[in-house]
Amino acid sequence: MSTDEPAVRDVPAERGRPVQWAALIVTVLFLAAGVLGFIPGATSNYMSMRFAGHHSTALQLGLFQVSILHNIVHLLFGIVGALVRRSPAGCFRYLLWGGIVYAALWLYSLFINAESGANFVPLNTPDNWLHFGLAVVMIVSALVLKRRRFADR
């Protein structure tokens with residue numbers, strides 16, 4: 001270790017690393033989004049929800065267009081996050097690759113017609129910008145927090 005780097009002692013494993021806490025926050029958000037998508041009231045136009053496609057007019061929180069498939073994807077992302085939670089390397093990969101998937105989904109949404117069959121998830125403008133934000137937050141969190149540890153105080 002060079003003399004210009006501050007000494008950082010490792011902390012007990014049960015406290016985790018920052019990348020693990022970031023992954024936990026993302027995991028909880030995905031699980032909450034997946035569950036809320038199936039709750040009438042949290043999702044308006046609930047009875048119009050379809051399995052997939054742009055014909056689903058259900059709106060989670062009155063803003064984000066959802067379908068059964070969309071909600072399942074959120075739940076699956078949350079489950080994957082829960083499965084990798086104990087491993088800093090797993091959390092790094094979860095945030096990085098999850099962010100890349102959401103960046104790809106955002107790019108995909110820019111090139112498809114929202115009223116076409118290609119909009120199978122379904123996606124609307126608020127969804128698109130949320131996916132962009134998720135991509136940025138997940139990728140930046142993975143890269144910035146990869147090697148960080150909590151300092152003892």
Side-chain angles (χ1 to χ4, degrees), residues 11 13-151:
V11 294
E14 57 274 353
R15 196 159 147 203
R17 291 190 177 180
V19 72
Q20 290 173 285
W21 285 99
L24 176 64
I25 291 166
V26 171
T27 295
V28 168
L29 291 174
F30 277 125
L31 290 172
V35 170
L36 285 175
F38 289 114
I39 297 177
T43 300
S44 57
N45 302 325
Y46 184 81
M47 296 307 290
S48 73
M49 188 182 307
R50 303 286 180 258
F51 179 77
H54 66 280
H55 297 294
S56 181
T57 59
L59 296 173
Q60 187 176 33
L61 304 176
L63 191 61
F64 305 105
Q65 189 176 9
V66 293
S67 66
I68 294 169
L69 177 62
H70 202 149
N71 294 332
I72 290 170
V73 168
H74 288 148
L75 289 171
L76 290 174
F77 260 90
I79 290 167
V80 169
L83 292 174
V84 301
R85 168 78 176 99
R86 309 261 311 143
S87 162
C91 290
F92 166 77
R93 286 190 295 273
Y94 170 70
L95 291 171
L96 180 65
W97 287 105
I100 290 169
V101 167
Y102 272 91
L105 184 60
W106 174 70
L107 287 172
Y108 178 76
S109 71
L110 296 178
F111 294 103
I112 63 163
N113 179 343
E115 299 301 318
S116 73
N119 188 8
F120 63 94
V121 175
L123 303 167
N124 64 3
T125 301
D127 280 312
N128 297 340
W129 289 109
L130 178 63
H131 294 155
F132 173 77
L134 277 170
V136 170
V137 167
M138 291 173 78
I139 292 169
V140 168
S141 294
L143 297 176
V144 169
L145 301 175
K146 179 180 181 181
R147 299 206 186 276
R148 298 233 172 135
R149 297 172 188 244
F150 289 113

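Treat the numbers as computed from the prediction; the structure is a model and nothing was measured. By convention here, the first residue in the shown sequence is residue 1.
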Asker: What are the two closest heavy atoms between Met49 and Ala58, and how far apart are they?
Answerer: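 Nearest pair, atom of Met49 first, then Ala58: CB-CB, 3.9 Å.
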Asker: Would a 4.5 Å heavy-atom cut-off, applied to side chains only, mark Tyr102 and Leu105 as touching?
Answerer: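 In short, these two side chains touch, coming nearer than 4.5 Å.
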Asker: Find out whether Phe38 and Thr43 are in side-chain contact, i.e. whether some heavy atom of one side chain is under 4.5 Å from a heavy atom of the other.
Answerer: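 No, too far: nothing below the 4.5 Å cut-off.
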Asker: Evaluate the criterion side chain to side chain contact (heavy atoms under 4.5 Å, CB included) for residue pair Ile68 and Ile72; output intermediate values, then yes/no.
Answerer: CA-CA 6 Å; Ile68 294 169; Ile72 290 170; 3.7 Å; yes
Asker: Can you check whether Ile39 reaches Tyr46 side chain to side chain, under 4.5 Å on heavy atoms?
Answerer: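 Heavy-atom side-chain distance check fails, nothing below 4.5 Å.
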Asker: Is there a donor-acceptor contact under 3.5 Å from the side chain of His70 to the main chain of Gln65?
Answerer: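 Side chain of His70 to backbone of Gln65: a pair is present.
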Asker: What's the verdict on side chain to side chain contact (heavy atoms under 4.5 Å, CB included) for Phe77 and Val101, showing C-alpha distance, side-chain angles and the deciding distance?
Answerer: CA-CA 11 Å; Phe77 260 90; Val101 167; 3.8 Å; yes
Asker: Can you measure from OG (Ser87) to CZ (Arg93) and round to the nearest 0.5 angstrom?
Answerer: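 Going from OG on Ser87 over to CZ on Arg93, the span is 6.0 Å.
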Asker: Do Thr27 and Tyr94 have side chains that get closer than 4.5 Å, going by heavy atoms?
Answerer: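 In short, these two side chains touch, coming nearer than 4.5 Å.
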Asker: Heavy atoms only: give me the nearest Ala22-Leu95 pair and the separation to one decimal.
Answerer: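 Closest approach of Ala22 to Leu95, heavy atoms only: CB-CD1, 4.0 Å.
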Asker: Is the shortest side-chain heavy-atom distance between Val35 and Leu75 below 4.5 Å?
Answerer: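 Yes; the side chains approach each other to less than 4.5 Å.
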Asker: List for me each residue that meets side-chain hydrogen bond (donor to acceptor under 3.5 Å, both in side chains) alongside Thr57, sequence neighbours excluded, and say none if there are none.
Answerer: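 Per chain and number, Thr57 pairs via side-chain hydrogen bond (donor to acceptor under 3.5 Å, both in side chains) with Ser48.
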Asker: Just verifying a value: how many Å separate Arg17 CZ and Cys91 SG, rounded to the nearest 0.5 Å?
Answerer: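 The distance works out to 10.5 Å.
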Asker: Is any side-chain heavy atom of Leu24 closer than 4.5 Å to a side-chain heavy atom of Arg85?
Answerer: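 Side chain of Leu24 against side chain of Arg85, heavy atoms only: contact under 4.5 Å found.
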Asker: Quick one: does Asn71's side chain have a donor or acceptor within less than 3.5 Å of a partner on Gly37's backbone?
Answerer: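 Yes; at least one donor-acceptor contact below 3.5 Å.
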Asker: Given side chains that start at C-beta, do those of Phe92 and Leu143 come closer than 4.5 Å, heavy atoms only?
Answerer: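 SC-SC contact between Phe92 and Leu143 confirmed.
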Asker: Scan the side chains in residues 128-139 for donor-acceptor partners under 3.5 Å anywhere in the protein, sequence neighbours excluded, and list what turns up.
Answerer:
residue	atom	partner	partner atom	Å
Asn128	OD1	Ser109	OG	3.2
Asn128	ND2	Asn124	O	3.4
His131	ND1	Asp127	O	3.2

